[in-house]
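Have a look at the structure below, then the notes.
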2 protein chains.
Amino acid sequence: MGIAERKEREKQEKRDLIVDAAARIFAEEGYERTSMRSIAEHIEYSPATIYLYFKDKDELLHAVHELGFGLLMKEMSKVAAVADPLERLRLVALEYVRFCFEHPQYYNLMFNSLEPLNYYEDHCNWDTGRKAFDFLQYAIEDCMQKGLIIEQEPKALTFFCWSFVHGMVSLYTRCRLRALDLSDEESRALIFTGVNTWLDLMKK
Amino acid sequence: MGIAERKEREKQEKRDLIVDAAARIFAEEGYERTSMRSIAEHIEYSPATIYLYFKDKDELLHAVHELGFGLLMKEMSKVAAVADPLERLRLVALEYVRFCFEHPQYYNLMFNSLEPLNYYEDHCNWDTGRKAFDFLQYAIEDCMQKGLIIEQEPKALTFFCWSFVHGMVSLYTRCRLRALDLSDEESRALIFTGVNTWLDLMKK
DNA sequence: TTTACTTACTAAACAATGTTCAGTAAATTG
DNA sequence: CAATTTACTGAACATTGTTTAGTAAGTAAA
């Protein structure tokens, strides 16, 4: 039955078309400022069409959120081949920071905005985030097992590492570094310094 | 001229009435979900009245934002009398964390939301945040001068400390600890542990 | 007191938003 | 060819932030 499959494929393609357009506009304008109507206009369909593919704006946002995590995981996985665990951990952190610099709207959606999590209220667990967290935890456990960093409960230490980097980049993208009188360049440099300082503190 | 003064006073009182109502509703419902109409209804005035006291919703939000900083500074100042600089720094951090736990909506407004900063686009600097940052920096410089913690450029180190705690509480209030399979109580305990771990790492 | 003016406020409207629903035209099926 | 399903839309709805024209009371000057 080739027809049913073609229809299925076309449906998926249209879904992707909507998500891609939404992602682009969300990234440019931010979530609140992009209307369903403007997304519809971009793909040259009526607003009501979007509701045939997504329950509401939240569900569409969630799809974009997943897209963002795909991007982040791809970036972070680039350094998987590096042999030295400590250097690998450092590079993972740097990729994370770089991702935030290059896609601040995605980052905000993934780690600061509350909306995309509405989707998980039924499913109760944030699977997507969990995968990224585990990725980081493996990198840290590797360092710990080889005696390169301090000993700590792995999950807790992973949370601390994540928090530190997340804190820095969030304050940056959310414009709170205005409290520091720094240029944009200086702010970014400071954050990279922060990653190294943190790793030095964790070294045994 | 008593009349002019009374009018001035009454105007200020009404302004406060609006800000207080707005603060309560923002804190309960969140910024996006509270309408100007609902605020107006609470204070038993027409929506248009609010616009006599505030240019728009952003400016009202900013007033609430300032209120939040007043609250935070008050909480953090409670520990000013503690003699031991390291212990004082620890207590400041704990008060900061506690503030976030007790007023998550305020916290989000002050450190994650972009909107209240619109107000500063003309004034270019985030004065309110700067004061809080300086408060923390003094506490840290005190520790450093007495040789209790590692030597570092004070502003940078202050930023790192702030980032770490901000990162932890943000991930918590923004529900990203769902990636960790922890109860609410366990999450909070972990954050307090984090503060102590961080201070241990900074100790010389 | 009477007159002008200012202040404090509101009702009603505006444009834009997310969302729904009845209806339509085309594609598919029997 | 007829019946049914699919994919889509136009128009409406309720709600939002905001503006404007108008009103009624308070104040000041004659």
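First the proteins, then the strands, lettered A, B, ... as listed; each starts at 1. Below, all heavy atoms of this structure are taken into account, side chains as well, without hydrogens, waters or symmetry copies.
B/Thr34 comes within 4.0 angstrom of the backbone, heavy atoms only, and of no base. Heavy atoms of B/Tyr53 sit under 4.0 angstrom from primed sugar atoms or phosphate atoms, though from no base atom. Across all strands shown, B/Ser35 has heavy atoms under 4.0 Å from sugar-phosphate atoms exclusively, and none from any base.
Checked for salt-bridge contact, B/Arg24 and B/Asp20 miss the test: no charged N lies under 4.0 Å from a carboxylate O. Comment: A/Lys155 does not engage B/Asp181 in a salt bridge, judged by the lack of any side-chain N to carboxylate O separation of less than 4.0 angstrom.
Taking atom CD of residue A/Glu32 and atom C1' of nucleotide C/dG18, one finds them 12 Å apart after rounding to whole Å. Atom-to-atom, OH of A/Tyr51 to P of C/dG18 comes out at 6 Å; the value is rounded to the nearest Å. At whole-Å resolution of the value, CZ in A/Phe54 and C1' in D/dC8 are 16 Å apart. Spacing between atom CG of B/Leu52 and atom C1' of D/dT18 amounts to 12 Å, rounded to whole angstrom units. Put simply, CG on B/Asp56 is 8 Å from P on D/dT19, counting in whole angstrom units. When rounded to the nearest whole Å, the span between NZ of B/Lys57 and C1' of D/dT16 equals 8 Å. Rounding to whole angstrom units, NZ of residue A/Lys14 and C1' of D/dC8 are separated by 9 Å. Atom-to-atom, CZ of B/Arg15 to P of C/dA8 comes out at 14 Å; the value is rounded to the nearest Å.
Between A/Thr49 and the phosphate of D/dT9, there is a side-chain N or O to OP1/OP2 separation shorter than 4.0 Å.
Comparing A/Arg37 and A/Tyr45 by the nucleotide of DNA chain D that holds the closest heavy atom to each, the one mapping nearer the 5' end is A/Tyr45. Comparing B/Lys11 and B/Ala48 by the nucleotide of DNA chain C that holds the closest heavy atom to each, the one mapping nearer the 5' end is B/Lys11.
Close placement of the A/Tyr107 and A/Tyr96 rings is indicated, their centers lying within 6.0 Å of each other.
The number of heavy-atom neighbours closer than 6.0 Å to CD of B/Glu87, taken from other residues, nucleotides and ligands shown, is above 12. Within 6.0 Å of CD in A/Glu8 there are 12 or fewer heavy atoms belonging to other residues, nucleotides or ligands.
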Check your understanding: Taking it one step at a time, do A/Tyr53 and A/Tyr45 satisfy ring pair (Phe, Tyr, Trp, His ring centres under 6.0 Å)?
Key -> CA-CA 12 Å; A/Tyr53 295 84; A/Tyr45 281 92; 8.3 Å; no

Point to revise | Pairing annotation in dot-bracket form, given for DNA chain C with Watson-Crick or G-U pairs under 3.5 Å and | for cross-strand partners | key: ||.||||||||||||||||||||||||.||

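Across B/Asp127, B/Thr128, B/Asp134, a single residue satisfies side chain to side chain donor-acceptor pair (under 3.5 Å) together with B/Arg130, and that is B/Asp134.
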